[in-house]
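One is the number of the first residue; the rest follow in order along the sequence.
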Amino acid sequence: MQNFYKYLPVSTEDQDWGLQMLHAGYHLYHPGNAYPDKDHPSHHCFDAKEGRVLQEYSLIYITGGKGIYTSPETGELPVTAGSAIIIFPNERHAYRPDPDTGWTEYWIGFNGPNMHHLVKKKFFGPSMPVINVGYNETMINLFIQVIAAIKNEKAGYQPLVCGAAMYMLGQLHSAAKQQLFITGDEEQLVDHARLIIRSNLYNSLSPQQIADKLMISYSRFRKLFKAYTGMAPLQYQIQLKLEKAKEELVNTQKSVKEIAFDLKFESSQYFSNHFKRKTSLTPLEFKRSFGKLS
């Protein structure tokens with residue numbers, strides 16, 4: 001791929017979408033090359049020692065070589081092939097390749113309330129700007145698709161490329177979560193717990209009993225499980241039971257009471273309350289709307 005970058009206009013309609021792509025590009029820096037190069041736009045150029053402050057977000061994905069990232073909040077962080085760097089508005093920062101290796105970078109620049117919301121909810125933040133996603137073919141293909149789309153600027157391209165940006169952010173969030181479990185032991189434990197839960201939907205198995213099977217304390221199990229999945233074990237268990245209940249409401253002639261009993265809910269009313277909170281319909285309304293006719 002040839003070196004490429006493009007800065008983009010944003011219409012009022014694009015702003016209403018919730019995320020706007022501002023620029024994107026690709027650059028291969030050979031060992032010893034100046035960084036940034038002399039062709040880099042002056043309004044986004046920076047001195048690698050002094051750094052810069054932007055008014056938008058940027059995502060840089062390094063697919064070859066190595067270097068460093070620095071900011072007042074993080075100090076100096078290593079950047080290796082497979083690292084993604086997120087730049088945040090109004091945060092002074094600098095990054096550069098190692099002169100001995102150079103590096104290959106893809107990048108996008110974007111802004112909008114959708115990203116502000118993710119930062120506000122602490123999915124991303126300046127304290128963790130470098131995320132190791134490794135060699136990720138999906139990420140590379142997304143960057144290539146973005147670059148192809150912005151070259152022509154066909155009608156409606158902004159929502160298309162911003163959808164790709166959100167997909168990239170999902171990849172990064174997943175990688176960041178997995179970095180919390182780099183030893184592998186915790187991940188295996190959570191996987192084992194999920195298997196136990198899925199295999200016992202028709203049994204009265206409490207989260208405490210699952211922790212006992214895993215031979216760890218319930219408090220540690222609950223904390224680890226929630227950190228990895230985003231929900232407590234009991235909540236996860238109930239969600240799966242409700243999904244199974246949907247299947248039975250649609251595909252069988254079982255009554256609501258029978259389904260509640262089979263799935264070991266405390267009572268049919270307890271089951272119905274959870275079901276309505278999840279679907280906005282009572283089990284009977286769901287069955288009437290989606291169930292197969294006898």
With under 30° as parallel and over 60° as perpendicular, where do the rings of Phe88 and Tyr57 fit, or are they tilted in between? perpendicular

Measure the spacing between CD of Glu105 and CG of Leu59 and express it to the nearest 0.5 Å. 11.0 Å

CG (Leu77) and OG1 (Thr70) are apart, to the nearest 0.5 Å, by 8.5 Å

Side chain Tyr61, main chain Met168, donor-acceptor under 3.5 Å: no

Just by distance, do the side chain of Thr252 and the backbone of Glu248 share a donor-acceptor pair under 3.5 Å? yes

Let's go through Val256 and Phe275 carefully: what are the C-alpha distance in whole Å and the side-chain angles of both, what is the deciding distance for side chain to side chain contact (heavy atoms under 4.5 Å, CB included) to 0.1 Å, and is it a yes or a no? CA-CA 11 Å; Val256 172; Phe275 194 93; over 6 Å; no

Geometric cation-pi criterion Lys264 and Phe261, 6.0 Å radius, 45° cone: yes

Please report the interatomic distance CG(Asn203) to CG(Asp262), rounded to the nearest 0.5 Å. 11.0 Å

Ring centers of Tyr35, His27 separated by less than 6.0 Å: no

Sequence neighbours left out, what pairs pass salt bridge (Lys or Arg N to Asp or Glu O under 4.0 Å) with at least one residue falling in residues 137-154? Lys6-Glu153

What is the distance from atom CD of Glu187 to atom CG of Leu189, rounded to the nearest 0.5 Å? 11.0 Å

After noting the C-alpha distance and the side-chain angles of Glu285 and Arg288, does the key distance pass the salt bridge (Lys or Arg N to Asp or Glu O under 4.0 Å) rule? CA-CA 5 Å; Glu285 289 170 338; Arg288 287 171 177 167; over 6 Å; no

Heavy-atom neighbours of Lys257 NZ exceed 12 at 6.0 Å: no

Start with the C-alpha gap between Leu54 and His93, add the side-chain angles, then the distance that decides, and say whether side chain to side chain contact (heavy atoms under 4.5 Å, CB included) holds. CA-CA 9 Å; Leu54 296 179; His93 65 278; 4.1 Å; yes

Paired with Phe110, the side chain to side chain contact (heavy atoms under 4.5 Å, CB included) test is passed by just one of Met115, Gln20, His23, Glu56, namely Met115

Non-neighbouring partners of Asp98 that pass salt bridge (charged side-chain N to carboxylate O under 4.0 Å, His left out), sequence neighbours left out: none

Among pairs that include at least one residue of residues 217-226, which meet salt bridge (Lys or Arg N to Asp or Glu O under 4.0 Å), considering only residues two or more places apart or in two chains? none

With sequence neighbours left out, write down each residue that passes ring-ring contact (aromatic ring centres under 6.0 Å, His included) with Phe123, or none if nothing qualifies. His173

Rounded to the nearest 0.5 Å, what's the gap from CG on Leu8 to CG on Leu22? Could you check? 7.5 Å

Ring centroid separation Tyr26 to Phe4 under 6.0 Å: no

One should read off an interatomic distance between Ile131 CD1 and Ile86 CD1, to the nearest 0.5 angstrom, of 4.5 Å

Return each pair, listed once, that meets ring pair (Phe, Tyr, Trp, His ring centres under 6.0 Å) where at least one residue sits in residues 124-154; pairs must be two or more places apart or across chains. Tyr106-Phe143

Would you kindly say whether Gln269 and Asn273 are connected by a side-chain donor-acceptor distance under 3.5 Å? yes

Please report the shortest heavy-atom distance between Pro233 and Pro207, naming the atom on each side. CB-CB, 4.1 Å

Please identify each residue that fulfils ring-ring contact (aromatic ring centres under 6.0 Å, His included) with Tyr270, with sequence neighbours left out. His274

I'd like to know if Glu247 and Lys244 make a salt bridge, using a cut-off of under 4.0 Å between side-chain N and carboxylate O. yes

